[in-house]
Chemist: 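Take this structure, written in structure tokens, and hold onto it; I'll ask about it next.
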There are 2 protein chains.
Amino acid sequence: MLNSTSLTTEARTRLEEYLLKKGLRRSSERFAILEEVYSRDDHFDAEDLYQAMHHRAFAVSRATVYNTLDVLVDCGLVRKNQFGDEDNTKSRFEKALGRQQHAHLICVNCHRVIEFCDPRLQLIKTTVGDTLQFQVESHSLVFYGECADEACVARTKAAANLQ
Amino acid sequence: MLNSTSLTTEARTRLEEYLLKKGLRRSSERFAILEEVYSRDDHFDAEDLYQAMHHRAFAVSRATVYNTLDVLVDCGLVRKNQFGDEDNTKSRFEKALGRQQHAHLICVNCHRVIEFCDPRLQLIKTTVGDTLQFQVESHSLVFYGECADEACVARTKAAANLQ
DNA sequence: TTGATTGCAAACCGTTTGCAACGCC
DNA sequence: GGCGTTGCAAACGGTTTGCAATCAA
């Protein structure tokens with residue numbers, strides 16, 4: 001199995017090949033951002049990434065963050081999600097390499113994101129595509145609800161009592 | 001089975017009860033907007049609704065559109081979707097009464113929205129909730145792909161040839 | 001009467017864009 | 001050297017908010 005280091009290496013190689021193939025430049029910003037993305041295991045937004053780059057002492061502009069995320073999504077190294085939860089506008093990203101496709105559970109109280117897989121989703125995809133003559137390319141499945149995390153439950157209960 | 005007229009009647013009654021229960025006012029704007037929402041069968045955004053109200057000669061402000069949509073979503077008369085397609089920012093709404101829960105297919109070319117149901121989604125929901133101790137309240141399943149509509153396929157092919 | 005609701009416009013916020021400076025090829 | 005990329009700030013677009021006028025209760 002791939003560990004985190006070799007994953008990053010693989011990602012770097014893939015990005016190089018992609019840039020070469022597309023005639024795009026291998027700027028240091030792009031590789032630095034890829035590095036940061038592959039060092040994390042969460043679902044981050046563009047601003048998180050922007051801040052993280054500053055803490056990394058590799059300050060890039062927001063424009064570059066957005067531009068690079070587009071590139072990384074386009075070459076399959078990053079997945080872009082729009083969770084319709086508390087903040088329906090901003091996108092959240094996650095690294096894509098070495099991870100199987102999955103769906104998300106989002107706690108409407110603490111906004112925790114939990115990943116899960118279920119083979120039946122693939123079956124639905126196939127059925128639907130065949131039945132409706134639709135070439136399904138990707139999907140987004142999100143469940144919204146309340147998680148069982150103690151701190152979250154306690155906080156929610158306390159908030160309910162205030163009303 | 002309920003026809004469109006009685007659906008609207010039922011919706012109006014439900015809104016009245018909800019407003020009463022919550023101590024909110026039964027303003028004419030709210031009922032006029034409900035009327036418009038229940039006269040349509042599509043997935044519309046806030047601006048669509050705003051424009052439609054003007055054509056209806058019942059001009060309301062955008063603020064009222066947003067406020068009323070919130071109310072209608074809250075009392076279960078309208079469903080709010082965030083399809084992460086061409087326009088990842090704006091929400092799209094649909095009436096909720098008299099329609100079973102469903103998922104969406106979105107054509108990445110023509111942005112057509114197709115609805116479908118699959119009982120296996122419910123099974124996944126149950127499994128996931130049980131396994132991860134998560135109280136699932138709602139879901140959003142969207143498949144992205146290419147639809148088989150002739151005009152759409154022709155247009156897409158033509159666009160591809162231009163490159 | 002009075003407090004919720006409306007309309008208007010300004011503010012908000014994530015994202016995109018225009019343009020000059022920069023640096024990879 | 002040429003052109004893709006970057007950084008900055010301004011623009012954009014959907015949504016929210018502040019406030020005065022309005023109106024349901």
Side-chain angles (χ1 to χ4, degrees), chain A residues 12 15-34 36 43-54 56-75 78 80-93 111, chain B residues 12 15-34 36 43-54 56-75 78 80-93 111:
Chain A
R12 213 183 296 116
L15 178 56
E16 289 213 313
E17 287 169 356
Y18 173 86
L19 295 175
L20 219 60
K21 192 184 66 188
K22 290 268 186 177
L24 301 174
R25 292 190 182 158
R26 289 174 287 168
S27 72
S28 54
E29 288 84 356
R30 284 174 174 158
F31 287 96
I33 290 175
L34 180 71
E36 170 60 27
H43 299 78
F44 55 90
D45 60 38
E47 184 66 19
D48 293 334
L49 190 48
Y50 173 76
Q51 296 298 340
M53 293 309 291
H54 278 253
R56 238 174 209 266
F58 198 115
V60 296
S61 70
R62 288 189 178 79
T64 300
V65 166
Y66 281 103
N67 166 23
T68 303
L69 280 171
D70 276 351
V71 169
L72 296 180
V73 167
D74 199 57
C75 66
V78 165
K80 179 177 185 171
N81 307 290
Q82 339 263 355
F83 301 143
D85 60 332
E86 95 267 39
D87 194 330
N88 54 18
T89 66
K90 72 184 169 195
S91 300
R92 291 207 250 158
F93 304 85
H111 310 299
Chain B
R12 214 183 295 115
L15 178 56
E16 290 212 314
E17 287 169 358
Y18 173 86
L19 295 174
L20 220 60
K21 192 185 66 187
K22 290 267 184 176
L24 301 174
R25 292 189 182 160
R26 288 174 286 168
S27 72
S28 53
E29 288 82 358
R30 283 173 174 159
F31 288 95
I33 289 175
L34 181 71
E36 170 60 27
H43 299 77
F44 55 90
D45 59 40
E47 184 66 18
D48 292 334
L49 189 48
Y50 173 77
Q51 295 298 339
M53 293 310 291
H54 278 254
R56 240 174 207 264
F58 198 115
V60 296
S61 70
R62 288 189 178 79
T64 300
V65 167
Y66 282 103
N67 166 23
T68 302
L69 281 171
D70 276 351
V71 170
L72 296 180
V73 167
D74 199 57
C75 66
V78 165
K80 179 176 186 173
N81 307 290
Q82 339 263 357
F83 301 143
D85 59 333
E86 94 268 38
D87 195 330
N88 54 19
T89 66
K90 73 184 169 196
S91 300
R92 292 208 249 158
F93 304 85
H111 310 299

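So you know, we letter chains A, B, ... as the sequences are listed, proteins then strands, and number each from 1.
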Chemist: Does the side chain of B:Thr64 pick up a donor-acceptor pair with the side chain of B:Glu29 at under 3.5 Å?
Modeler: no
Chemist: Hey, does the side chain of B:Arg30 come within less than 4.0 Å of C:dT5's phosphate (OP1/OP2), counting only N and O?
Modeler: yes
Chemist: What closest approach, in Å, do B:Val65 and B:Tyr50 show between heavy atoms, and which atom pair accounts for it?
Modeler: CG2-CA, 4.0 Å
Chemist: If you find the nucleotide of DNA chain D closest to B:Gln82 and the one closest to A:Ala59, which residue's nucleotide is nearer the 5' end?
Modeler: A:Ala59
Chemist: Any idea which of D:dT17, C:dT17, C:dT15 is nearest the A:Ala46 side chain?
Modeler: C:dT15
Chemist: Can you identify which nucleotide, out of C:dG7, D:dT5, C:dT17, has its nearest atom closest to the B:Val60 side chain?
Modeler: C:dG7
Chemist: Consider the side chain of A:Ser61, meaning its heavy atoms from C-beta on, and name the nucleotide among C:dT5, D:dT6, D:dT17 that approaches it most closely.
Modeler: D:dT6
Chemist: Expressed in angstrom and rounded to an integer, what is the separation of A:Phe83 atom CZ from C:dG14 atom P?
Modeler: 17 Å
Chemist: Taking salt bridge (Lys or Arg N to Asp or Glu O under 4.0 Å) as the criterion, tell me which of B:Arg92, B:Lys80, B:Lys90, B:Arg62 meets it with B:Asp45.
Modeler: B:Lys90
Chemist: Across the strands shown, which category fits B:Asp45 at heavy-atom distances under 4.0 angstrom: base, sugar-phosphate, nothing?
Modeler: nothing
Chemist: The side chain of B:Arg25 is closest to which nucleotide in this list: C:dT2, D:dG7, C:dT15?
Modeler: C:dT2
Chemist: Assign B:Glu47 to base, sugar-phosphate, or nothing according to its heavy-atom contacts below 4.0 angstrom with the strands shown.
Modeler: nothing
Chemist: Check the distance between C:dT16's P and A:Leu69's CG and give it to me in whole angstrom.
Modeler: 10 Å
Chemist: What is the nucleic acid contact for B:Ser91, judged by heavy atoms within less than 4.0 Å: base, sugar-phosphate only, or nothing?
Modeler: sugar-phosphate
Chemist: Is the phosphate of D:dG4 approached by A:Ser27 (side-chain N or O, under 4.0 Å from OP1 or OP2)?
Modeler: no
Chemist: Considering heavy-atom distances to DNA chain D, does B:Tyr66 or A:Leu24 have its closest nucleotide positioned more toward the 5' end?
Modeler: A:Leu24
